[in-house]
Amino acid sequence: MLDKKRKENLYFIGDIHAREDKLNDVLKVINFDTNNSSSSCAGGQIVFIGDLIDNHPKYSSAHLALLNQVESLVNNNHAFCIMGNHEFNAIGWATKKQNDDCARPHTENNYKQHNAFLDCVEECSSEHKRWITWFKSLPLFLDFGSIRAIHACWDEEAIKCITPYLNKDNSLKEEHWESAFDETHELYALCEILLKSPERDAAEPFVDKTGKTRTKERIQWWNDPEYAEPTIPTVIGHYTITDLSGYGLSQLGSPITLSNKVVCVDYNAAKDHNPLVCYQFNQSTCGNTSNLSNENFHYIKN
Ligand SMILES: [Mn+2]
């Protein structure tokens, strides 16, 4: 459970990917203004679901404003922020193993996903190191009792197995970061499941959105025979809901929950034409047996 002083309303905000402009749009929609004590920030806190960083290089310069804003909201008890796979990968990019190799290989594809951030902070600068230290402090998941949040997949077994590697606040202990990028270590697979989605062999190889050919596909764990149906409300991001994804959208194209208990707040805000989506949950009117409602999404419609 969380030590931090908690407020009644939680506003879950998904994968921002440096779109600081869209964060400020959505804060206006939910009337969350930390300079105005009669705004929704009086009774509410934001929960950022990770993937604050990385986008097309044209959004490079927005990274620092966004990171400073989120860090300040967290430090002032207006927000929580959990780790996404992009923060996780950023740590691997900047971490040297004992044999001096980089924990996350500096391949062309990995660079392409990350260079907007590296250019903004200047790779290896003190600014870069400062943000890596902050990323390392982020919890991998949060359990509010009535609702919980994780970037990709709430897998009870994986959470049980990873707990000994975590600090009390659910951030990874400093001494385990190298193992988290070691494919032969159990931490590697656990982080893959929780932050990047469990996977199984695809029927045929396919090319993903970064141009990489993949032989495994993500499991839609909230609705999969190999997974027990979640019983406690859970918020995720990561799954980039689009018209093509076949879930998370009504026939009219409005955001809807993935199931009675699981909601995703990643509607591909990284791209120009998609909104940044917020999901509101009231902890005093909704308990851990509540079904999630489609009425609680907030965003700017195109
Ligand atoms: Mn992600």
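Start at 1 and go down the list; that is how both ligands and their atoms are numbered.
Take the Mn ion (ligand 1) and draw a sphere of radius 2.8 Å; the protein N/O/S atoms inside it number 4.
The side chain to side chain contact (heavy atoms under 4.5 Å, CB included) test with Ile241 singles out one residue from Asn274, Leu258, Val277, Ile256, and that residue is Leu258.
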Open item on the list: ring-ring contact (aromatic ring centres under 6.0 Å, His included) for Phe12 and Tyr279? Distances and angles first, verdict last.
Closed with: CA-CA 5 Å; Phe12 296 91; Tyr279 189 84; 7.3 Å; no
Task: Intermediate values then yes/no, ring-ring contact (aromatic ring centres under 6.0 Å, His included), His86 and His17 - done: CA-CA 9 Å; His86 283 261; His17 289 297; 4.8 Å; yes
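For residues 243-269, the ring-ring contact (aromatic ring centres under 6.0 Å, His included) pairs, not counting sequence neighbours, are Trp222-Tyr247.
Ring pair Tyr165/His185 is perpendicular by interplanar angle, where above 60° counts as perpendicular and below 30° as parallel.
By the 4.0 Å N-to-carboxylate-O rule, Arg214 lies too far from Asp201 to be salt-bridged with it.
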